[in-house]
**Q** 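Mind looking over this structure? Questions follow.
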Amino acid sequence: MKLEIYRKELQKTFTKYGDTFKQIAHNPSLNTYLYERTDSDGKNNGYEVIKPKKVKNPDGSIVYVYPTENEWGFGRAVTTRNKDKAVQYLNNGLERIVD
């Protein structure tokens, strides 16, 4: 079954909750994305890693569904203030990290 990208225009930069989210890394093999979150003064408010959900279309094809800006932050991302930990999540497909 062929996998398709549902929303090809994943936002690289957007504003939500008064903060700016900027995509700073992508892991194509795991289809995960790392965003840096900064406030209006440019202060770092942490990092968020997202992985789109796979859903099945009525025709049986599987597509990736990325969160829109309105859906951001509602169980679709892992948030951390530690950049190294964010990179770990990016590179392990959002699996739980046990130190």
**Q** Tell me the closest heavy-atom pair linking Leu30 and Leu90, and the distance in Å.
**A**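 Heavy-atom minimum between the residues: CD1-O, 3.9 Å.
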**Q** Using every non-hydrogen atom in the two residues, find where Asn45 and Arg81 come nearest and quote the distance to one decimal.
**A**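 Here Asn45 and Arg81 meet closest at O-NH1, 3.3 Å.
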**Q** Of the non-hydrogen atoms in Asn44 and Glu36, which two are nearest, and what is the gap between them?
**A**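 Taking Asn44 first and Glu36 second, the nearest heavy atoms are ND2-OE2, 2.9 Å.
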**Q** Supply the atom-to-atom distance Thr32 OG1 to Asn91 CG, rounded to the nearest 0.5 angstrom.
**A**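 Result: 6.5 Å between the selected atoms.
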**Q** How many angstroms lie between atom CZ of Phe14 and atom CG of Asp19, to the nearest 0.5 angstrom?
**A**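 With rounding to 0.5 Å, CZ (Phe14) is 10.0 Å from CG (Asp19).
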**Q** Would you compute the distance between atom OH of Tyr47 and atom NZ of Lys22 and round it to the nearest 0.5 angstrom?
**A**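 One finds 11.5 Å between OH of Tyr47 and NZ of Lys22.
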**Q** Can a side-chain donor-acceptor contact be found between Ser61 and Asp59 if the only test is distance below 3.5 angstrom?
**A**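 A pair is found: one side chain offers a donor N or O, the other an acceptor, under 3.5 Å apart.
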**Q** Roughly how far, to the nearest 0.5 Å, is the CD atom of Glu48 from the OH atom of Tyr89?
**A**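 Between Tyr89 OH and Glu48 CD, I get 12.5 Å after rounding to 0.5 Å.
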**Q** From Lys43 NZ over to Thr38 OG1, what is the distance, rounded to the nearest 0.5 angstrom?
**A**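 Reported to 0.5 Å precision, the distance equals 11.5 Å.
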**Q** Identify the two heavy atoms, one from Leu34 and one from Ala86, that lie closest to each other, and give their separation to 0.1 Å.
**A**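 Scanning both residues completely, I find the closest heavy atoms to be CD1-CB, 3.6 Å.
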**Q** Working to the nearest 0.5 Å, report the span between OG1 of Thr80 and CZ of Arg37.
**A**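 Answer rounded to 0.5 Å: 13.0 Å.
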**Q** I need the minimum non-hydrogen distance between Thr20 and Thr13, along with the two atoms involved.
**A**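 Heavy-atom minimum between the residues: CG2-CG2, 3.8 Å.
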**Q** Contact between Lys83 and Ile24 at the side-chain level, heavy atoms closer than 4.5 Å - yes or no?
**A**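 Counting from C-beta outward, Lys83 and Ile24 do come under 4.5 Å.
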